[in-house]
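Only one structure is covered here, and it is reproduced in the block below.
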Amino acid sequence: MSYNLTEVQDWIANDPSEADRGELTALLERAENGDPDAAAELSDRFAGTLQFGTAGLRGAMAAGPNRMNRAVVRRAAAGLVRYLLEKVGDDALLVIGNDARYHSREFAEDTAAISAAAGIRALIMPRELPTPLLAYAVQHLGADAGVMVTASHNPARDNGYKVYLGGRCADQFGQGVQLVSPADADIAALIAAAPAAGDIPLADTYGTIGEDVIDSYVSETAALVPAMYSRDLKIVYTAMHGVGTPIMRRIFSEAGFENVIEVAEQCTPDPDFPTVPFPNPEELGALDLAKELAASVDADIVIASDPDADRCSAAVPDHGTWRQLSGDEIGSLLGEYLAGGAVLEPGTPTFASSIVSSRMLEQIATSHGLAYQATLTGFKWIARTPHIAYGYEEAIGFCVNPGAVRDKDGLSAGILLAVLASKLRDQGSDLLGELDRLYTKHGVYLSGPVTVRVDDLSIIPATMAKVRTTPPTTLAGSPVARVWDLSEGSDALPATDGIAWFTDAHDRVIIRPSGTEPKVKCYLEVYLPAGSDLQATKAEAAARLEQFKEDVSAALVL
């Protein structure tokens, strides 16, 4: 692999960032003087352009077209603005938000400035705020599109550019939802045709989203809490070094939860995420500080947001230790709580979850007379479900108030976990007791992941080819009864890169490449009828899940 000298020099000449120009100039000088590492790095940075797709843009921050930086973002903004002009005209409204990562604000301001210069209406959030606030603003303001600059729970080196469509750019069930095909391809083509970054006009005539929008979101979210339950729950909250604290603090207070203790080391934004190797509440050890604090103050629950607060996790006391709940456990608990209050009417409210999430939600919905729909992975699909009343995915994403936020929202999910824990305590139970009640009613569903992280990206397609062509004959002691290739699509689901194996014992695994990280992800679930001894059934299911993980891991080896 080698770089094109003229291409590198042209990019440097048109890069709007002085720091990035200096970075590339120094790298080029080293490469031209024979440094093989510099030449390889330069070749990689110019191997292509960071691709815009259904996740928008996401990648490591550095100079060059194959990284996240101002030049790439400016061309992305120019392509998006051209799309809005073609679809809507110069009265299109674009709303823009950002988290607290390095360069997030300048990426957001550049987007607003490019929009204003092109003549469309642009409004930017007044400061760094959670992703759900941007998703809310798209619906609340009737915007035609929204941009959120965030890499969510990715490592500190990354940033991203997430696009929502609404208003005149979206259909009835796509209002305020992340974009999907063909809009992603249409915008990508306009990005590819955009001028060099240094030639894109900017203007400072854009506006600012008012505090009334933020206040409205807080009030609507706090209003999800009914008046009949107690409010003295002792909550430990962590924002995972992100932007969730100020808004979550207001929601807790307005909903009446005043006994909230924050993890001081993690509740102020810090783009270096110094206390965790990965700023993802799901990662091993990410909640250690929160659990230690919870134990020391005898708390009732830990509630955690990821850095842009669109995801939510929780931990609860369990026989002298603190146990983190899985995304599927939280998804089932919130689903049962919300199903109890759903109003049946024409156009039956629908619960939705991704195909890689637990199958228990379908049982919960059915038991309450509600419709259920399985979707592809990601809230760009979940939130598009017609008549959606609740949706979730196992990766701790929960949509509990789709009329306000048609996306995952860790803030509204967090307050509903608090009220559910209060309700159950008032009734003499707790979240783990409620899970046992659901297991008794629907059977024991236990899920867990197997993940293969790679440095060599060629391993991903090779792994997917192997699982397609040579599936195992047995898993966890049960014959593989059915193989489903998701790339073939179906009447209910668009085609996607994935494979599913089902056993005679009703266990299931879905294998797919990650859409945002260099890894292959496997989603396992075992099922057992509850039986007369629930604890024994849970132990049997846990043992079978561990064997299932071993067998799936072995099946992935190339």
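Heads up: numbering here begins at 1 and tracks the sequence.
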Donor-acceptor check, side chain of [X] to backbone of [Y], threshold 3.5 angstrom: yes or no?
X	Y	value
Asp318	Thr321	no
Thr474	Gly477	no
Gln178	Asp407	no
Lys466	Val557	yes
Thr537	Ala530	yes
Thr49	Gln51	no
Arg311	Asp306	no
Ser332	Glu329	no
Ser490	Leu493	yes

(message) Determine whether Ser104 and Asp99 satisfy the following criterion, side chain to side chain donor-acceptor pair (under 3.5 Å), listing intermediate values before the conclusion.
(response) CA-CA 6 Å; Ser104 284; Asp99 66 9; 2.6 Å; yes
(message) Could you work out, with ring-ring contact (aromatic ring centres under 6.0 Å, His included) as the rule, every residue matching Tyr390, not counting sequence neighbours?
(response)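 Result, ring-ring contact (aromatic ring centres under 6.0 Å, His included) vs Tyr390: Phe351.
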(request) Apply side chain to side chain contact (heavy atoms under 4.5 Å, CB included) to the pair Lys408 and Cys399, showing each step before the final yes or no. (result) CA-CA 5 Å; Lys408 54 186 176 291; Cys399 177; 5.6 Å; no
What pair of heavy atoms forms the shortest contact from [X] to [Y], and how long is it?
X	Y	result
Asn69	Ala62	ND2-O, 2.8 Å
Asp485	Gly498	OD1-O, 3.4 Å
Met148	Asn98	CE-C, 3.4 Å
Cys169	Tyr83	SG-CE2, 4.3 Å
Val419	Leu416	CG1-O, 3.2 Å
Arg406	Gln175	CD-O, 3.2 Å

Side chain proximity check, [X] to [Y], heavy atoms < 4.5 angstrom:
X	Y	result
Leu133	Val405	no
Ile510	Ile499	no
Val400	Asp409	no
Phe398	Ile330	yes
Asn159	Val149	yes
Leu435	Leu333	yes
Arg157	Met61	no
Glu86	Leu190	yes

Are [X] and [Y] close enough for a salt bridge, meaning some N to O gap below 4.0 Å?
X	Y	answer
Glu434	Arg437	yes
Arg101	Asp158	no
Asp507	Arg544	yes
Glu41	Arg67	yes
Arg82	Asp186	no

Could you state the interatomic distance from [atom1] ([X]) to [atom2] ([Y]), rounded to the nearest 0.5 Å?
X	Y	atom1	atom2	answer
Trp501	Phe548	CH2	CZ	9.0 Å
Asn280	Ser152	CG	OG	7.5 Å
Phe379	Glu393	CZ	CD	5.0 Å
Ser353	Leu361	OG	CG	5.0 Å
Arg453	Ile459	CZ	CD1	14.0 Å
Ser412	Asn401	OG	CG	6.5 Å

(request) Given side chain to side chain contact (heavy atoms under 4.5 Å, CB included), test Asp184 with Ser181 step by step and report yes or no. (result) CA-CA 5 Å; Asp184 59 341; Ser181 183; 3.5 Å; yes
(message) Can you tell me if Lys549 has over 12 outside heavy atoms packed within less than 6.0 Å of its NZ?
(response)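 Counting other residues, nucleotides and ligands, NZ of Lys549 exceeds 12 neighbours.
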(message) Using a 6.0 Å cut-off, check whether atom CG of Leu284 has over 12 heavy atoms from anything other than its own residue.
(response) no
(request) Let me see the working for Arg58 and Asn154 under side chain to side chain donor-acceptor pair (under 3.5 Å), right down to the final yes or no. (result) CA-CA 9 Å; Arg58 190 174 292 190; Asn154 272 38; 3.2 Å; yes
(request) Kindly write out the residues that satisfy side chain to side chain contact (heavy atoms under 4.5 Å, CB included) with Lys441, not counting sequence neighbours, or none if the list is empty. (result) Ser367
(message) Could you walk me through whether Phe46 and Tyr3 satisfy the ring-ring contact (aromatic ring centres under 6.0 Å, His included) test, starting with their C-alpha distance in whole Å, then the side-chain angles of each, then the deciding distance to 0.1 Å, before giving a yes or no?
(response) CA-CA 7 Å; Phe46 283 82; Tyr3 58 87; 8.0 Å; no
Classify the side-chain pair [X]/[Y] by whether it contains a donor and acceptor separated by less than 3.5 Å.
X	Y	value
Thr238	Gln266	yes
Tyr392	Asp328	yes
Tyr523	Ser354	no

(request) Decide salt bridge (Lys or Arg N to Asp or Glu O under 4.0 Å) for Asp533 and Lys538; before the verdict, give the C-alpha distance in whole Å, the side-chain angles of both, and the deciding distance to 0.1 Å. (result) CA-CA 9 Å; Asp533 186 340; Lys538 287 165 60 179; over 6 Å; no
(message) I'd like to know whether Ser313 forms a side chain to side chain donor-acceptor pair (under 3.5 Å) with Gln324, so could you lay out the CA-CA distance, the side-chain angles of the two residues, the decisive distance to 0.1 Å, and finally the verdict.
(response) CA-CA 8 Å; Ser313 189; Gln324 186 169 358; 2.8 Å; yes
(request) Mark yes or no: Arg482 above the aromatic ring of Phe502, with NZ or CZ under 6.0 Å from the six-membered ring centre and no more than 45 degrees from the axis. (result) yes
(request) Kindly indicate, with the supporting measurements, whether the criterion side chain to side chain contact (heavy atoms under 4.5 Å, CB included) is fulfilled by Ile303 and Cys312. (result) CA-CA 7 Å; Ile303 294 175; Cys312 174; 4.2 Å; yes
(request) Start with the C-alpha distance between His368 and Glu336, add both sets of side-chain angles, then the distance that settles side chain to side chain donor-acceptor pair (under 3.5 Å), and finish with yes or no. (result) CA-CA 9 Å; His368 287 274; Glu336 175 69 12; 3.2 Å; yes
(request) Report the C-alpha distance between Asp310 and Lys162 in whole Å, list the side-chain angles of each, state the deciding distance to 0.1 Å, and finish with yes or no for side chain to side chain contact (heavy atoms under 4.5 Å, CB included). (result) CA-CA 13 Å; Asp310 68 344; Lys162 184 184 294 188; 3.7 Å; yes
